[in-house]
Number of protein chains: 2
Amino acid sequence: MFKELNGTDEDDMNAPQAIVKHGRKFDQVLDGARKVFMRDGFEGASVDDIVREAGVSKATLYSYFPDKRLLFLEVAKIECQSQSDDAIAEIASSDDVRYALTTAAKRMTRFFMSDVGLQVHRIIVGESQRFPEIGREFYESGPARVHAILRQFLQKGVDAGKLEIEDIDLAADQFPELCKAGLHLKMVLGLRDTPSDAEIDRVIEGAVDVFLCKYERRHR
Amino acid sequence: MFKELNGTDEDDMNAPQAIVKHGRKFDQVLDGARKVFMRDGFEGASVDDIVREAGVSKATLYSYFPDKRLLFLEVAKIECQSQSDDAIAEIASSDDVRYALTTAAKRMTRFFMSDVGLQVHRIIVGESQRFPEIGREFYESGPARVHAILRQFLQKGVDAGKLEIEDIDLAADQFPELCKAGLHLKMVLGLRDTPSDAEIDRVIEGAVDVFLCKYERRHR
DNA sequence: TTGAACATAAACTGTCCAGTTCAGTTTTTT
DNA sequence: AAAAAACTGAACTGGACAGTTTATGTTCAA
């Protein structure tokens with residue numbers, strides 16, 4: 001992705017970023033930007049704040065990134081990737097369906113409720129109007145991957161005769177929603193503090209209960 | 001709400017707004033602001049746009065509202081109220097639990113997916129950092145009321161022996177989440193167009209199925 | 001019909017901030 | 001060590017925009 005407009009393709013084989021140029025202090029810039037964007041949002045973050053935080057001159061920043069928007073997109077992309085990467089990993093590790101779902105749900109939910117997870121969510125939602133591509137980027141690298149993995153897991157359960165699901169896509173959409181019950185919106189709006197692990201566990205247990213009550217194959 | 005800080009309580013009995021002053025063109029201002037805020041978001045909307053849209057002078061606007069933030073808060077408050085008012089109304093009208101849930105869910109969900117509903121959601125989420133009170137205002141007048149009504153409905157079902165629920169608050173949180181499955185986030189991020197009624201009905205049916213499978217009392 | 005309250009247009013102030021420029025310094029390469 | 005490339009800091013530009021002021025016009029109640 002982001003390959004489209006890349007006229008000057010400096011390093012052929014391993015171009016992790018395009019459009020943006022690299023240099024010695026590239027990572028400093030990215031780290032500073034990440035910190036400030038996550039703290040203040042897109043509008044709230046000034047480029048001067050970022051260069052101060054990054055310990056870099058403004059000219060350097062602008063030698064890497066053509067504008068603030070692209071810098072933000074880069075940061076957001078990285079956050080989104082790290083999200084789904086450590087949030088799901090291997091769900092299929094157990095053949096006890098309930099246990100596997102519970103474990104995956106806990107990891108996922110703890111990320112949803114983390115400071116970074118919430119702030120990414122806030123910014124993406126708030127800016128998705130202004131930057132439509134950021135909404136897609138986020139969706140593809142987060143929710144869509146969760147959906148795909150869950151879908152595959154559920155299909156396996158069906159094939160093994162453990163689950164009974166007519167509409168797997170719907171089910172794969174329902175489960176993550178159930179995991180948010182009551183907590184997520186309140187957190188996003190800043191109406192409560194981080195739930196304890198016990199609280200999350202209770203919600204997850206409820207989610208798995210409801211989910212499996214419907215979809216677990218009746219053993220007779 | 002918003003009564004707390006009202007030092008100068010001009011009209012005693014019927015003070016629909018406080019802090020803000022009234023005048024002939026008050027509604028014009030509010031309508032224009034509503035339109036522009038809903039189109040462009042808080043940051044994206046300039047006061048000059050609003051007065052142009054409202055057909056009113058800037059000075060007039062500032063004679064009603066001390067600043068842009070309060071104007072936005074007023075508009076948001078009105079939107080939030082209208083939200084829950086037409087979104088839920090009377091759920092308890094039927095004693096067929098499945099039918100009542102389905103009907104209420106359809107109304108609720110259609111609002112979630114409407115342009116206004118989505119835009120309010122986007123703006124509130126995006127600005128809840130900057131204006132913490134707006135998050136609470138929104139939550140109280142929307143989701144919290146849904147929760148309360150649903151809670152009451154479920155309790156009635158339990159009392160009547162139709163439902164069997166250990167944790168009613170959790171259940172009342174789960175149901176609205178189930179109704180969003182797959183659709184809401186995609187809509188918020190602008191990744192798909194408004195779902196057809198049929199599509200919404202399918203999701204709702206799935207939500208009610210899952211929900212009642214767990215919580216409907218087994219009749220034997 | 002007069003005067004008080006309301007409204008107007010337009011220019012103005014002050015601030016904030018993205019992005020640029022450039023002369024000079026440091027680092028890397030050869 | 002010399003040349004090339006990367007980086008710096010600080011000042012500057014230009015534009016956007018919230019909020020104010022002023023001088024003038026309109027409405028309506030008494």
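Lettering of chains follows the sequences in order, A, B, ..., and the numbering in each one begins at 1. Just so you know, these numbers use all the heavy atoms, side chains as well, and skip hydrogens, waters and symmetry mates.
- The interatomic distance linking A:Arg24 (CZ) with D:dA4 (C1') rounds to 12 Å, in whole Å.
- In terms of modelled atom types and a separation under 3.5 Å, the side chain of A:Ser128 and the main chain of A:Val125 share a donor-acceptor contact.
- Rounded to an integer number of Å, the gap from A:Phe65 CZ to C:dA18 P is 15 Å.
- Atom pair A:Asp49:CG and C:dG19:C1' shows a separation of 16 Å (rounding to whole Å applied).
- Ionic pairing of B:Arg110 and B:Asp197 is present here: one or more N-O contacts between side-chain nitrogen and carboxylate oxygen are shorter than 4.0 angstrom.
- Proximity note for A:Lys68 (side chain, C-beta onward) versus D:dC7, C:dT8, C:dA18: the nearest is C:dA18.
- Note on B:Lys25: a side-chain N or O is less than 4.0 Å away from OP1 or OP2 of C:dT8.
- Residue A:His22 contributes atom NE2, which lies 21 Å from atom P of C:dT27 at whole-angstrom precision.
- With salt bridges taken as basic N to acidic carboxylate O contacts below 4.0 Å, one links B:Glu53 and B:Lys35.
- Distance CG (B:Asp40) to C1' (D:dA18): 16 Å, rounded to an integer number of Å.
- By the 30° and 60° cut-offs, the orientation of the rings of A:Phe42 relative to A:Phe37 is parallel.
- The interatomic distance linking A:Asp48 (CG) with D:dA10 (C1') rounds to 11 Å, in whole Å.
- Closest to the side chain of B:Ser46, out of D:dA18, C:dT28, D:dT8, is D:dA18.
- Minimum heavy-atom separation, B:Arg39 to A:Gln129: O-OE1, 3.8 Å.
- Nucleotide D:dT22 holds its C1' atom 18 Å from the OH atom of B:Tyr62, rounded to whole Å.
- With rounding to whole Å, A:Leu71 atom CG is found 13 Å from C:dG19 atom C1'.
- Among the nucleotides C:dA7, C:dC22, D:dC7, the one closest to the side chain of A:Ala59 is C:dC22.
- Among the nucleotides C:dA18, C:dA7, D:dT8, the one closest to the side chain of B:Tyr64 is C:dA7.
- Considering only side-chain atoms of A:Ser57, the nucleotide from C:dA18, D:dG9, D:dT21 that sits closest is D:dG9.
- The base of D:dG9 has none of its N or O atoms less than 3.5 Å from a complementary donor or acceptor on the side chain of A:Lys58.
- No contact: A:Gly44 has no heavy atom under 4.0 Å from any strand.
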